[in-house]
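In the text below, chain A, chain B and the rest are named by the order of the sequence lines, each starting its count at 1.
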Amino acid sequence: MSRDSARGYCQYNICRGERNYSCFSSPDFYSSLGLEDFLSVGDTSGAEEDTDLAILYGTLRGSVVGLRYYTGIVNNNEMVALQREPNNPYDKNAVKVNNVNGDQVGHIKKELAAALAGIMDNKLALIEGVVPYGAKNAFTMPVQMSFWGREENKEAVLDQLKRHGFKLAPPLKVGSECGFGSKWISGRAGPSYSAPVHAAVQLTTEQLKSEFDKLFEDLKEDDKTCEMEGAEAVGTPLLPHQKQALAWMVSRENSNDLPPFWEERSNFYYNILTNFAEKKRPKNVLGGILADDMGLGKTLTTIALILTNFQDSKPLPVEKITSDKFYELMEVVKLTNVFFNLPTTSASSYNCFMSIIHLAALENFQTTVVSYLQYQVTTYGPSSHLGGEVKRNPNSNCFCYDQFEQHIHQDFRVNIYVYYGSDRSKDPSVLSEQDIVLTTYNILATDYGVSDSPLHKVRWLRIVLDEGHTIRNPNAQQTKAALNLEGHRRWVLTGTPIQNSVKDLWSLISFLKLKPFTDREWWHRTIQRPVTMGAPGGLGRLQSLIRSITLRRTKTSKVKGKPILELPERKVLIQHVTLTEEERQIYQSVKKEGKAAISRFFSEGTVLAHYADILGVLLRLRQLCCHPHLCINASSSFSADNKTSEELPETLVSKMKLVLSSGSDEECAVCLESLTLPVITRCAHVFCKPCIFEVIRSEQPNAKCPLCRNELRVEHLVECPLEEEIDSSNGKKSDREWISSSKINALMHALVELRRDNPTAKCLVVSQFTTFLSLIENPLKESGFAFTRLDGSMAQKKRVEAIHCFQSSQAGSPTVMLLSLKAGGVGLNLTAASRVFLMDPAWNPAAEDQCFDRCHRLGQEHNVVITKFIVKDSVEENMLKIQNKKRELAAGAFATKKPSASEVKQTKINEIKALIDL
DNA sequence: ACCGCCGGGTGCC
DNA sequence: ACCGCCGGGTGCC
């Protein structure tokens, strides 16, 4: 059956919706660059930057006045929030007092407010309040305030208070909110003035991380070990741990429990962290975080959930197609088509009809929107300039769609729809007729604020964020958009719930709409600070919160005493290749020239200024190791180089572009990972867009390039799509007559041998350079191999075809797949292959591993053998050495600190030396 | 009395 | 608010 409906809306409008960035003069400028995701534009909740560094300056007793004018009520010992109200017509210093629910309780008395206003406006301190007693007073009540801030601001704060005649009590007492001690368990976290704050030693990153890991490791065989069978429509048999996850997810969705930290007490619901109480029963999230390691089948489990738990553990009513049913359906198709006046022959009319059945079956319920980052190709500008007109790659959603289809039993019909953004010309009700709507965060964000966006109008039955950890920036439009979707069953799928710190969890929790954590202040006061300050009980809180909403298994977890995954063995062999005389000659001459240039840069001290040139040299050498024809502009740019070391930025930037467009998997010097969304600086260094924007944000207004300390400005950044996102013109490969290379010979020899020993064995041939893959096609044809190809430049439909074709076990199906290193997403499944030939090494060993995991994963039945071809006495051997160093570093230093900018710089320089044998 | 004192009106910011 | 503060009424002992 055709799945044309999956194509969905094709137009992609950039609509920013209405945002009010009153603090910034030119919001359009920022949003046109997509910058609001990275700079805290319009963020009014300042001071929370670097909250980890905050210390307690002291406390002060004040009063809340005007109680009778407001509806917000508090309990004794309840936390309150202080909020500046600069536009109050009676007093520009006004400070509002709100309860945990956000309802105003009153105002800070004006004399005090006059002292606080400056502190708050200049973000010198975070002021937090607790009402110790007198909560039932009619006119005023006391408030105990704690002042938190960075050491260097302490004097200024004390000074400001002094000028208004206030003095902080020394921080000997600790307010109730941190609950230092374990009293939060018993509730009634009354003010405890016993524990000295000095006992609250900050945990190091390492300590924290290992504590987090314990959060999950400690999970005993508890309530999460029940198993549940998937509905009939689930097409893939579930493994025991997936059945456990399914049972847990279903029970979460059907649960009637109170959310964590809430208790019912005499007709009231109490939050034992904040002491907030209300009559209304707080909503629990009918969902949570599925945090299994990559490769354990989170997506499959979620598909099973969608099909299995529609209402009260009943499956989603999807049509089962039997033969007579099919006939019956065809009859209705005709009728429907008449009714809707649709052309009877087209596939789309069939889809339209399918939608109608499900609408009837679903009544008013819409079902699930799954936000897919895992498979997303993010928007990029066609002109490669930031701020240029943003265009979407229309072919970016194949794999998620494919994966959904592949796990749903073919006898069942489920409407799956890929949503590409709002389009006014289409009827928005299309979405509500679907069983499953797939989209990406960016589309979600783009649609957010579009007044007639169907995504944000539909009441979803279930909202799933795949790769949910990417929602980490609380100010990002994506986060806000995800948060605003309506629907009670909410799930986050992520293999890395915590990457750096507890902070990472907040956005996930916030998405789940767990009261009161949606507001950062309460999260921070009740969970994050107690944990990072090492307050006893802090981790306990975090643990009980996480445990109640998260399921996490790692690859080493066990189910009923057995390892969760029993993957076949995986071996990595290195096959050395010797270049022919001619190849060696070309290689050596390019190397000699490059080495001379690079040593000149070293002696001039301009290595980093010539980063693009150096990467260019290294790239040419790497290409020459593969095939002489890869090196398009082998004639070096140095040969006639009579200019000084100062090159025009434009030249350097275009050199860098050239390197990136070759397909080379370069690294970002900020995150040290493979580049995602590369942007080139004016000084011709390349970073991930999010990474460099974070640098700019944190160093503004005078940000400097992490590598060379040159001026860094957003306007100068040039976005550079990765090779696989460009429609690479495969056409012009026949310029030259085809010749072989040592590496190709080595590959072909191995392939022929493999075919002789095992004619049905399938293998992946992987390279970073798609032109190299094209060159390999020739001998494959000549030797009669059936092969297919998957690279980033291919249209979506072709990709799906290639994967299906390759995964097929039919006789005559391709045994070789030419695969570009970075093609496809993490979810790509190529388990049909049991051999991998890696034609060229990558800088980043993790990028290689990730590629190997596409076949060495769940579903692989054979031992996997990986062969890396490495040219002897070449840059490739040096690359291996560097790779090994990185591996050691990564393995030994699980929790070591991120290297500093200067360390990164030095490492890079050392690497360059090592690579070119200097 | 351009004061003190009294007692009613009144009440956040 | 069973307060403070304000401002009008008032005024020997």
Expected rows: protein N/O vs nucleotides 11-13 of chain B N/O, under 3.5 Å:
| unit_1 | atom_1 | unit_2 | atom_2 | d |
| --- | --- | --- | --- | --- |
| dC12(B) | OP2 | Y69(A) | OH | 2.2 |
| dC12(B) | O2 | H107(A) | ND1 | 2.8 |
| dC12(B) | N3 | Y70(A) | OH | 2.8 |
| dC13(B) | OP1 | K110(A) | N | 3.1 |
| dC13(B) | OP2 | K110(A) | NZ | 3.4 |
| dC13(B) | O3' | D91(A) | OD2 | 2.5 |
| dC13(B) | O2 | N88(A) | ND2 | 3.1 |

Problem - H456(A) and Y448(A) aromatic ring geometry - parallel, tilted or perpendicular at 30°/60° bounds - result: tilted

Practice task
For F139(A) and dC5(C), give me the distance from atom CZ to atom C1', rounded to whole Å.
Solution key: 15 Å

Practice task
Once you apply the 3.5 Å cut-off to both distances, tell me the Watson-Crick or G-U wobble partner of dC13(B), or none.
Solution key: none

Practice task
State whether F268(A) and K279(A) meet the cation-pi test: NZ (Lys) or CZ (Arg) under 6.0 Å from the six-membered ring centroid, and within 45° of the perpendicular axis.
Solution key: yes

Under 3.5 Å, which donor-acceptor pairs do the side chains of residues 98-117 of chain A form with other protein atoms, sequence neighbours left out?
| unit_1 | atom_1 | unit_2 | atom_2 | d |
| --- | --- | --- | --- | --- |
| N98(A) | ND2 | Q83(A) | OE1 | 2.8 |
| N99(A) | OD1 | N101(A) | N | 3.0 |
| N99(A) | OD1 | G102(A) | N | 3.1 |
| N99(A) | OD1 | D103(A) | N | 2.9 |
| N99(A) | ND2 | I73(A) | O | 2.9 |
| N101(A) | OD1 | K515(A) | NZ | 3.3 |
| Q104(A) | NE2 | G106(A) | O | 3.1 |
| Q104(A) | NE2 | H107(A) | NE2 | 3.4 |
| H107(A) | ND1 | Y70(A) | OH | 3.4 |
| H107(A) | NE2 | E85(A) | OE1 | 2.8 |

Exercise for the section: Taking the six-membered ring of F261(A) (Phe, Tyr or Trp), confirm whether the NZ or CZ of R541(A) is under 6.0 Å from its centre and within 45° of its axis. Expected result: no

Practice task
Tell me, with the steps shown, if E694(A) and R697(A) meet salt bridge (charged side-chain N to carboxylate O under 4.0 Å, His left out).
Solution key: CA-CA 5 Å; E694(A) 179 54 32; R697(A) 191 191 66 76; 2.8 Å; yes

Exercise for the section: For the residue pair N271(A) and M79(A), establish whether any side-chain heavy-atom pair is separated by less than 4.5 Å. Expected result: no

Problem - Same-atom distance (C1') from dC12(C) to dC3(B), integer angstrom - result: 15 Å

Practice task
For nucleotides dC6(C) and dA1(C), find the distance between their C1' atoms and express it as a whole number of Å.
Solution key: 15 Å

Exercise for the section: Using the C1' atom as the reference point in each nucleotide, state the distance between dC5(C) and dT10(B) in Å, no decimals. Expected result: 9 Å

